[in-house]
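Chain identifiers are assigned alphabetically (A, B, ...) following the order of the sequence lines, protein sequences preceding nucleic acid strands; residue numbering begins at 1 within each chain.
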Amino acid sequence: MNLVIRGIVLFFIGVLLALVLNLLQIQRNVTLFPPDVITSIFSSAWWVPPCCGTASAVIGLLYPCMDRHLGEPHKFKREWSSVMRCVAVFVGINHASAKVDFANNIQLSLTLAALSIGLWWTFDRSRSGFGLGIGIAFLATLVSQLLVYNGVYQYTSPDFLYVRSWLPCIFFAGGITVGNIGRQLAMYECKVIAEKSHQD
Amino acid sequence: MTLTEKLREKISRAFYNHGLLCASYPIPIILFTGLCILACCYPLLKLPLPGTGPVEYSTPVKDYSPPSSEPGHQQGDPSERPDWYLGAPVAYIQQILVKATVSPWHKNFLAVDVFRSPLSRVFQLVEEIRNHALRDSSGIRSLEEVCLQVTDLLPSLKKLRDLLPEHGCLLLSPGNFWQNDRERFNSDPDIIKTIHQHEPKTLQTSATLKDLLFGVPGKYSGVNLYNRKRVVSYTVTLALQRYDSRFLTSLRSRLKLLHPSPNCTLREEHVVHVHFKEEIGIAELIPLVTTYIILFAYIYFSTRKIDMVKSKWGLALAAVVTVLSSLLMSVGLCTLFGLTPTLNGGEIFPYLVVVIGLENVLVLTKSVVSTPVDLEVKLRIAQGLSSESWSIMKNMATELGIILIGYFTLVPAIQEFCLFAVVGLVSDFFLQMFFFTTVLSIDIRRMELADLNKRLPAEACMPSAKPVSRSQTYERQPAMRPATPHTITLQPSSFRNLRLPKRLRVIYFFARTRLAQRLIMAGTVIWIGILVYTDPAGLRTYLTSQVTEQSPLGEAGLPPMPVPGGVLPAGDAKLALSVFPSEPVQLSENQTQQQREQKEGLESRNGLEANQQPWAQGPESPSNGQPEPGTKAEVTWGGEDEEIWRKLSFRHWPSLFSYYNITLAKRYISILPAIPVTLYLNPREALEVRHPQEANRYHSFFPSSLGKLEAVDRPGEALPKLQGHRDVTLYKVAALGLASGILLVLLLFCLYRVFCPKNYGQNGLSHSRRKRGDLPCDDYGYSPPETEIVPLVLRGHLMDIECLASDRMLLVSCCLVGQIRVWDAQTGDCLTVIPKQGLRRDSSGIFDYQESWDQSPDPKNGLEDPFDNSHQLKRMLSPPQPPLFCDQPDLTSLIDTNFLEQATVVAPEPRHRTVCSRHKDTGYNFGRLVEKVYEEQSASNCMNFAGFPAPHGQAASCARTGSARALSCGTGEGGCSARRKSLGDEPLAGFEKSSPVSAWAGDLESSVWSLDLRGNLIVAGRSNGKLEVWDAIEGTLRCSDEEGQSGITALVFLNNRIVAARLNGSLDFFSLETHSSYNHLQFRGTPSRSSIPSSPMYSSNDLIMCQLTHTVPCAHQKPITALKAAAGRLVTGSQDHTLKVYRLEDSCCLFTLQGHSGAITAVYIDQTMGLASGGQDGAICLWDVLTGSRVSHMYAHRGDAPSLTLSPLFPAQDLGCGASLGVISDNLLVTGGQGCVSFWDIGYGDLLQTVYLGKSNESQPARQILVLENAAIVCNFGSELSLVYVPSVLEKLD
């Protein structure tokens, strides 16, 4: 039951983040789906936000689950303000990737990678989180590349390498962020249980 | 390593000194900080104000040339030149303003004739413009060469494809409605419909197609059926790519030649450059809003953690102010040193806040708050600062390092961000150290003052604000209050954290803070402010015009100056024309020529043109505004026709260009002075172009009589009428907005009423739920439901249970009659009953009688009318009332009348128990019986008090119960002190004294006053001073000691030592000696728990001798009320305000601890030698057992401290919700309430769960709570015991 609620919450967070961050990318005219700003979000690539939502639900549930299985509960900065900070930094990384003009793609990649690892070090600092984040970044990049190669959708970017250079970093940071939220929700769960039983 | 240590030491000392400084001089330091902030923010004044409205700059049209694109070398004064004025504009806009009228006017003309024939001339005019070519020495230049060539329209504008030009010059005119085809126009039966077919239905602030093509605002065009002026104006708008002054001048002069405007006085001397800001679209707004929402969530979650301070809101505000002003300071400093921000401030601001963070502030607060409370404020601040200094510095260094790394990414935007962040961090540190620390010190000082205020007399601090009486049942509450001067009141702030359901809390929060109304108010104010500010003709332009004299917009803001009509100095300089003077122009301006030249000279001297505007405007406007429905219409030109484009929406040009996918954001266009064209059409022309259908569709223009009348009657009113017509849409919008606003407010108000009735604090919610049982500590009427935690009820005692004792496995209880029962703490089985040995042989029938009788009064009293009960209670409270128990007729036979006499006699006497003992020898045989009657009475009373609202009445009722009991019972181990403290209650003293407690102690059976259990041995101290050791399993008396005479009030059984405290203040040390040869000590339980001494198991075969080893004859002057032993120390607390510490081994008194100003009510000592004591004065003292010094003390309660327990972190005290409490783990507090047990979170003060012990109608207060090792709680309520196992969910909280 609680797993379901958590999953739903994470799903909606993921959808929201996907929409917002796509809007950021639209301003750059580098979208993952063709433009025609908001009207066509739900028509052309309507399945992108739900996919992100599902992925975030899975990741957000996977993180605490892995913590439990590894037997090392995550104790570092477990409070909502820190989670909010993490989300803000994540949006900031996206913002930077969308708005800031970089000299070349290597610079963009390096900067974003540094920022992402900084995010991990500031808010997570667990080896499992790092590993999972890397895995997620790899998998997600792979999937998106496969989708593009098979023509399911295409970048509207003028420069294909450009997108490829920031995508893994964004996925990594997103994984860390969603994992952070998921852990916080899982920690909150026992409180919610107590409250629920209280209210029934 | 040593270097680090040294550094650490130094930093810590520096912070300490700094803290002292801040706390010593708070006001000067805050002033200093404020000055610093202001000084650093001063450069911000130079920055442009934010806003999306366009900015204008005008240059004389005379030798105008496009500015160079390099910012370096520019002619003119650079200070006046805006920094966007670089390079060529996107386009030059040349408007040809046409005013046309049909003259003379025939009465039988139709309304449509007003504009049909003037509009028909537009095609000819456009042709003239298109075909204009300049022939000079360099060849022929046509319009096609200079105009702005546009390509396709945006794909989304397919329906406008025919109306707007494509693939050619951007030339707009009303003729575009008919594709510039005269024939099409002539065959159009309904011009109005054609024009308005693309008008949006809704209100729209941006430019419409009609505005775009006409080039004048819709209401100025005069193309409608009610045009009284009969002057139609429109423009032909021409967008030029290059500025070719010769071409333009020739065009101008040719048009003037063709269509002379004889009385035109337009000044045509300035090119106005309009710079457009970046428009924020919804696509950009959503991420921005999201980041701000995240920011606010972050701030909320951060400041929520500020706790244990006087004003949470104040400190949260201070924290936010710290961060915000540090950002402002950083921007200000950066500007000061020449770095102009290029980043969008609104976008990076949330990230800056997040990077700087509120963490340090919170850490500081937490650290300061956690310093010892009884220190001086200065020292607290200093200590708090110094203890966190190292981590703060470390964090700061880390963040600086990260940001420096960011600086080396060599991306300019990131570098700038990092620069801001570094300066922001440093200034944030500065502000934290000076501003926030000082605010914190002020707050802490206020808190201490508030604490001192709490120590005022109790009457002054009675909680009067809280509406406590909820229904009739509680109406006796006011009557009760004067009787209890010492009440344990709970500060209202403690209720804030009650765990209500989320939705209720949200709604209460909304209701309490009137959030909805305030938000609406604030939103309205902000909205109006934004409107006023961003309106192109609004406050901002006005301010700008006030500030800068040279602003072109100043003219718009200045009111027209009334000038005497005869002067008419229409100062107008057609500078462009003066270059190429042509005949018609000369002709048209012949009367003003002379003056014009004078003006020219004047202008060239001072260059101020704003002054002239009133001159030009003043005399013209009235003549212009007059509608003359006469036959001869005159086209007039006035100041308001000048720069008519200002009347257009400020989105006019951006939207026009956006149709062709040209953005004006951060770019500018140059608007050239308009070319006036006046057209007079004769009636014949008007009749020619009239469409045949129109004649029968439209009636005549005006009823002639009406027109004439108005023309004669109201020539003066015409101007305000016109004005009114102009503003009527504005009024409509305002009225509509007002109406919808009112509707919204009403709706919200209704919602608010529905959700939060005004008396939500009293009886807002379900009454049915409250009947189930009163949760003591919930003043919102929310009673938590029963849960799956089912208490195990142990029945068997006939009378109320007096003492409880337990080790981990066994539970021993003793009731009033002295019956001891041994229970299995795990299963709840009754293992042994240790009857009083004299019970069965007691032939007097007292006990038998009780057995049969004690059921009866309970339901009886329970059914009593509350009023009756309260009445009775009042009588109880005033002791010398003779008919004390008139409602229990079956008892009257038992009561000796002597008792009443006795009661009246003794009533005014002093109140201490020593008095009791004085009566000891007098002897009253009825005493025993009366005592029981009292017992029942008080128990039932207490039960009927169930209706008392929390927490005040609860405490009071229980205290009363306790006092009634105290006369007979003596003290038990755990919560008994609750009863004893009420010995101090004045009105109840009579009972106590009238009770001959141990009057016949010697001969009759005495009750057990204290009880302790170790292993399988029960030690019971009786009221007659007898000490008995029982075997818990077999129920046999192992040994006894009858040496003492005074009743044993408290008992400690530790290892093989027994310490008994007696009523007369003496202390007896016994040692248990086993006379057996073999192994008599088998350890039970897990030996790994080293903190708890394992209980020795005494074999039943052993002969146990109880030997008095030592007696301290007069340990205290007054009865010992509290006794605790741990870690080889024994602590006694007495009514003589002192505590004594003894060593267990040799009974040597180590310390006498003085410091309480009231009787000691509770003592706690644990294995770590932590000693805490609670007194009747409401103070809690913490002592150091090793040195005997007082570590700290606090006044937590106004009343006395009934029971006290100490967890490793918090000294917790009974909050007044019940008479008993216990601490399960680090953070779980158990309190007993009215028939229920509540679990609290110590750290947050939240109510976690309430377990109901029985049915509601037999709710009695849980008097004692005993926490067993296996997370079970034993509660004593009435004659029953409850075993409550703490559910596993709660355990997970640890």
Side-chain angles (χ1 to χ4, degrees), chain A residues 16-17 19-28 31 35-39 41 77 79-96 98-104 107-108 110-112 114-115 117-119 121-122 184 189-200, chain B residues 155-156 281-287 289-291 294-305 343-344 347-348 350-351 353-355 357-359 362 398-399 402 405-406 409-414 417 499-502 784-785 787-789 1239 1241 1246-1250 1287 1289-1290 1292-1293:
Chain A
L16 205 72
L17 278 179
L19 286 175
V20 167
L21 299 181
N22 268 320
L23 277 178
L24 266 178
Q25 298 292 344
I26 283 172
Q27 295 171 39
R28 178 82 182 193
T31 45
D36 267 10
V37 190
I38 295 166
T39 49
I41 276 183
K77 286 192 184 172
E79 50 206 358
W80 276 112
S81 61
S82 159
V83 172
M84 282 299 152
R85 221 179 166 189
C86 181
V87 174
V89 171
F90 173 60
V91 176
I93 289 175
N94 273 279
H95 206 135
K99 282 279 174 79
V100 177
D101 293 314
F102 290 90
N104 52 36
Q107 196 186 28
L108 170 71
L110 284 180
T111 311
L112 285 189
L115 280 174
I117 290 178
L119 179 88
W121 195 76
T122 320
Q184 187 67 33
E189 191 182 17
C190 54
K191 266 189 185 174
V192 173
I193 286 177
E195 217 162 84
K196 276 275 183 302
S197 64
H198 205 57
Q199 286 175 10
D200 287 340
Chain B
S156 60
I282 189 144
E284 300 178 11
L285 212 58
I286 287 178
V289 167
T290 314
T291 52
I294 294 173
L295 173 70
F296 281 123
Y298 168 62
I299 290 178
Y300 168 73
F301 282 119
S302 298
T303 52
R304 205 172 69 148
K305 287 188 289 185
L343 294 174
N344 186 346
E347 274 177 16
I348 64 165
Y351 303 124
V353 171
V354 164
V355 162
L358 293 165
E359 264 70 18
L362 303 180
T398 319
E399 282 182 338
I402 289 176
I405 290 172
T409 51
L410 300 178
V411 183
I414 293 183
F417 180 85
R499 194 159 289 266
L500 288 167
K502 271 269 155 45
T787 57
E788 61 276 8
I789 305 175
F1239 296 94
D1241 191 316
D1246 288 350
L1247 177 63
L1248 295 176
Q1249 197 159 15
T1250 299
V1289 176
L1290 289 175
K1292 245 173 82 178
L1293 274 176

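- If you take CD on A:E79 and CZ on B:R304, they are separated by 10.5 Å, rounding to the nearest 0.5 Å.
- Counting only heavy atoms from C-beta outward, the side chains of B:T398 and A:W121 approach each other to under 4.5 Å.
- The two residues B:I294 and A:M84 come nearest to each other via the heavy atoms CG2-O, 3.5 Å.
- Legend: residues meeting side chain to side chain donor-acceptor pair (under 3.5 Å) with A:Q107, ordered by chain and number and at least two apart, are absent.
- Shown here are the side chain to side chain donor-acceptor pair (under 3.5 Å) partners of A:S81, two or more places apart in sequence or in another chain: B:K305.
- For B:V355, the part lying near chain A is the backbone, with the side chain staying farther off; criterion is any non-hydrogen pair under 4.5 Å.
- Between the A:R85 side chain and the B:L295 main chain, no donor and acceptor come within less than 3.5 Å of each other.
- With a 4.5 angstrom heavy-atom cutoff, B:T291 touches chain A only via side-chain atoms.
- Considering CG of A:L115 and CD1 of B:I402, their distance stands at 10.0 Å, rounded to 0.5 Å.
- Both the backbone and the side chain of A:A88 come within contact range of chain B, judged by heavy atoms closer than 4.5 Å.
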